[in-house]
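One structure is given here, and the rest of the page talks about it.
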Amino acid sequence: MQISVKALALTAGVFLGGSTCFIACVNLVNPSYGGEYLAAMSSVYPGFEHARTMQSVSIGTLYGLVDGAFAGFLFAWIYNALVSRLQ
């Protein structure tokens, strides 16, 4: 059974981008929430700083969308390649 590469890429992108946006927005209201996660993301994504601003939230969300979509695409592509070889 094949996985839809496009569907998994979109799903993973929305999930990672949405969760990063949610954590960053809650962090704007409650600075103790998600600080370690945002610090880890700022060490991975160039230009994203844990600055607690809407600009930082937007940049982190975009990075999450792109990173999640790429990871979902790669996962589905590798999965489909392995399934076709094992059948």
Side-chain angles (χ1 to χ4, degrees):
M1 181 171 146
Q2 298 278 322
I3 292 177
S4 170
V5 175
K6 187 187 300 185
L8 188 57
L10 288 171
T11 301
V14 168
F15 182 77
L16 185 58
S19 61
T20 301
C21 181
F22 176 77
I23 292 169
C25 286
V26 172
N27 183 264
L28 290 175
V29 177
N30 182 5
S32 64
Y33 182 81
E36 290 85 10
Y37 174 79
L38 295 172
M41 292 299 105
S42 68
S43 72
V44 175
Y45 300 147
F48 174 64
E49 299 173 5
H50 182 212
R52 300 189 63 236
T53 64
M54 283 309 293
Q55 180 181 2
S56 181
V57 170
S58 300
I59 292 171
T61 300
L62 288 174
Y63 268 123
L65 285 167
V66 171
D67 192 24
F70 179 73
F73 170 83
L74 193 60
F75 181 88
W77 182 73
I78 291 171
Y79 178 86
N80 288 339
L82 291 173
V83 165
S84 66
R85 288 179 186 253
L86 297 175
Q87 289 180 347

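Here the structure is a predicted model, which means the values were calculated and not measured.
Distance alone, capped at 3.5 Å, places no donor-acceptor pair between the N80 side chain and the Q2 backbone. Side-chain atoms of S56 do not come within 3.5 Å of backbone N or O of R52 as any donor-acceptor pair. Checked by atom type and distance alone, the side chain of S43 pairs as donor or acceptor with a backbone atom of A40 at under 3.5 Å.
Contact record, L28 with T53: CD2-N, 3.8 Å, taken as the closest heavy-atom pair. Shortest non-hydrogen contact noted between T11 and A7 is OG1-O, 2.7 Å. Shown here for L8 and A76, the closest heavy-atom pair between the two residues is CD2-CB, 3.6 Å. In terms of heavy atoms, A81 sits closest to S84 at O-OG, 2.9 Å. Taking every heavy atom of both residues into account, A24 and V57 meet most closely at CB-CG2, 3.6 Å.
The hydrophobic clustering, which links ILVMFWY residues whose side-chain heavy atoms are closer than 4.5 Å, places I23 and V29 apart. Residues L65 and I59 do not share a hydrophobic cluster, clusters being chains of Ile/Leu/Val/Met/Phe/Trp/Tyr side chains in contact below 4.5 Å. Residue F70 is not grouped with residue V44 when hydrophobic side chains (ILVMFWY) are merged at heavy-atom distances under 4.5 angstrom, including chains of intermediate members.
For A12, there are no side chain to side chain contact (heavy atoms under 4.5 Å, CB included) partners at least two apart in sequence or on another chain. Partners of S32 under the side-chain hydrogen bond (donor to acceptor under 3.5 Å, both in side chains) rule, at least two apart in sequence or in another chain, are N30. Not a single side chain to side chain contact (heavy atoms under 4.5 Å, CB included) links V66 to another residue, sequence neighbours left out. With sequence neighbours excluded, the residues forming a side chain to side chain contact (heavy atoms under 4.5 Å, CB included) with Q87 are V83, listed by chain and number. Applying the side chain to side chain contact (heavy atoms under 4.5 Å, CB included) test to L86 and every residue at least two apart in sequence or in another chain returns nothing.
Sequence neighbours left out, the pairs with a member in residues 14-57 that pass ring-ring contact (aromatic ring centres under 6.0 Å, His included) are Y45-Y63.
With rounding to the nearest 0.5 Å, the separation of CG in L10 from NZ in K6 is 7.5 Å. We find the CD1-CD1 distance between I3 and I78 to be 11.5 Å, quoted to the nearest 0.5 Å. We find the OG1-CE distance between T61 and M54 to be 8.0 Å, quoted to the nearest 0.5 Å.
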